[in-house]
Amino acid sequence: MNTPNLRTLTLEQKASLLSGRDFWSTKELDDAGIRSIVLTDGPHGIRRQAGETDHLGIHDSLPSTCLPPAVAVGSSWNTDIAARVGAAIGREGRAFGVAIALGPGVNIKRSPLCGRNFEYYSEDPLLSGVLGAAHVNAMQGQGTGASVKHFAANNQETERMRVSAEVDERTLREIYLPAFERVVKEANPATVMCSYNKVNGVYASENSWLLTSILRDEWGFGGAVVSDWGAVSNRVEGVKAGMDLEMPGSGGKTDQEIVDAVRSGDLSEELVDASVRRVVRLTEFAPEEQLTYDVEEHHALARELAAEGIVLLRNEKETLPLTAGQQIAVIGAFADAPRYQGGGSSHINPTRLDSPLEAIRDQALIMNSIVAYAPGFTVDGSGDEVALLEEAVSAASSADIAVVFVGLGDREESEGFDRDTLALPSTQVALLQAIAKAAPRTVVVLSNGGVVSLEGWHDNVDAIVEGWLLGQGGGHAMASVLFGLSNPSGHLAETIPFRLEDNPSYLNFPGEQGHVRYGEGVFVGYRYYESANVPVRYPFGYGLSYTHFSTTGLTVESNGVDGASVRVTVKNTGQRSGKHVIQLYVSTTTGPVRRPVRELRAFTKVELEAGEEQTVNFTLDRRGFAYWDVELGQWVVPPGDYSVQVGTDSSTVVAEEVIQLQGDFITRPLTMQSTVGDWFGHPVVGQVLMQGMATAMTQEQADQAEQNPDGLKMVESMPMHQFLAFTGSVFPLEVLESLMEQTRAQSSTQVVPA
Ligand code: BGC
């Protein structure tokens, strides 16, 4: 479409384009040829409401495919899965007349308690960003625009509409922003959705540092920023900050505020024009023709994609896969009425819904196995739980194996609130303990959007399958993993700790009195557990398979300066084909800031037949070695040693190579507040000072210095002005001032790859 000539529009018309017409659509201006477009959720399927509207998933929507939510896609560690989810949503978006589908969510899982973790991929920014970019590219490839959300630092539901996330810049840059950055740079999303919360005291919807300096000026975002539904606090400040489209509409109230602000001179009309241009450009995503999609085909796809999100956590004595001729007691209400998606705005009215129980029965028939079923509990606790437990125990004791489906219900986790415990409901824990005693073998299947505690029963059961929330095809996918028709290949995208108290955000989550302090800094998830050596039940990256893999031949070639190429060979050493995730971590202690013990810097998933091997190449660019330097306001690769590690998870390194990088040549401007250590450590000035000191010292001072070689260490952290006050004129002030001047002159080119 042609960009309209804004000069033909009145200020009122322009302002009107910057907020929604209703809950899900923008305004049209027929005279100017500007169409209305539909924006709707969401992240794992199209929630198109035809009747009453809401953003909490209360009212119904038209049936569409409920694809695996992000929690399952994250555990797949497979960009192809993310892309196929995105493409299917894109196709359905076209079928429902949707221009922009609101997703994916790439917020970091800071605490396992966040009620919305099921909508996010991972505790790691690389994994989140790579999957998010794949989703967006594929979805937009089908013509439906994306809205990557919720920008930024929206990592909890408690007080989400007003809490201020207090996060230092290094932590934002290294943990909370990179997934957005990657999606913006690699996938060019139509829109970015700003979050409800404040970031360091300023609402995201009015935060020009986020929405303009970082998003547009630094990352080159060319699309429109849309508010989360109802996230606007001060509309005029929002326009100034770069927040283009307010959703839903405000009945004209905020449009008028924009008009008034322009008229009073408080808001520049150019900013309004810029926002209008960006909003109007979104009409390019308006579907020209209504396409159809094949409901059965998409259901089959939902099944296939779900299987890769399943993580096999424990499999003692090869309890799984189930074998032919077994008597199987399927227990647990979730087997019959699966929990397959989370509550809230992402809630889909599915076209079909697989029951795990039915899928197990179907497969059992083929394998001459017998299935008995007992619900064991009611999800809302409203039944006669004791009788249900007894009935389940009796079924388990007369079976060869019990497969117990436990998890969290909609009451336990959802958008809109956070959990306050990691524990499963107590009736389910009691059930698990009783079944583990009664059954010859016990398999536990978990359905949960956020991590649950495995303590109190873990050691008593033979196998544990983490099924997360898998979408409408999850029941079939689970049965195929249990019977070995699919080989599990999911890996944890988030750590399962022993105790909630072990989680690094524990003392600062969800904050208090309007503030949540991200006190753990960059030490989020495994970055903390590995660095502080805190044992966990299952580490980030962990996942078993029905086959085995070996890793050999790691070679790492540094480019000398700030990057490396990596090559590694993996082999399927087992008896059946399977998929393996190669996880590449970088570890270093060099540089002036504390680094996590290791950080994921690249990954890929490969499919290997039994006995097959494959050599895989990676390129690690400078970001793979860099930290964010708050003094310089830049990414810096400090010179030194870096260990490139292949891990089967974040705490198990199976191969490593150390390389040396020259890193960046850094000269920081010196002031009288800089410490003696800074002055002497400065690459140019340091030497000048050493020489100057040698010449200026009396024989007596030189003798003293020789007798006390640690003398410099004692004054190293002293600001130079205080040092001078103690020592008098070892360095004449004019000399220091001229040296300072030199360092300031160099300050525009502080970071130079050496
Ligand atoms: C959620 C968004 C969602 C929007 C529209 C909000 O409450 O935070 O993720 O896209 O509603 O439903």
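Position 1 is the first residue of the sequence; numbering continues from there. Values reported hereafter were calculated over all heavy atoms of this structure, with side chains retained and with hydrogens, waters and symmetry mates removed. Small disclaimer: the values here were computed from a predicted structure and weren't measured. Both ligands and their constituent atoms are indexed starting at 1 by order of listing.
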> Who pairs with Asp255 by side chain to side chain donor-acceptor pair (under 3.5 Å), at least two apart in sequence or on another chain?
Replying inline: Ser19, Lys27
> Under 30°, 30 to 60°, or over 60°: which ring-plane class applies to Phe603 and Trp77, parallel, tilted or perpendicular?
Replying inline: perpendicular
> Can you list, by chain and residue number, every protein residue with a non-hydrogen atom closer than 4.0 Å to ligand 1?
Replying inline: Trp24, Asp41, Arg47, His55, Leu102, Arg116, Lys149, His150, Arg160, Met193, Tyr196, Asp228, Trp229, Ser345, Glu415
>> Tell me the closest heavy-atom pair linking Asn117 and Leu113, and the distance in Å.
In response: ND2-N, 4.4 Å
Side-chain donor/acceptor pairs under 3.5 Å, residues 126-137, sequence neighbours excluded:
residue : atom : partner : partner atom : Å
Ser128  : OG   : Asp124  : O            : 2.8
Asn137  : ND2  : Ala133  : O            : 3.4
Asn137  : ND2  : Glu186  : O            : 3.2

>> For Asn448, give me all partners under side chain to side chain donor-acceptor pair (under 3.5 Å), at least two apart in sequence or on another chain.
In response: Glu466
> Would Arg160 and His150 satisfy side chain to side chain donor-acceptor pair (under 3.5 Å), going step by step from the backbone distance to the final call?
Replying inline: CA-CA 11 Å; Arg160 68 169 163 155; His150 308 87; 5.8 Å; no
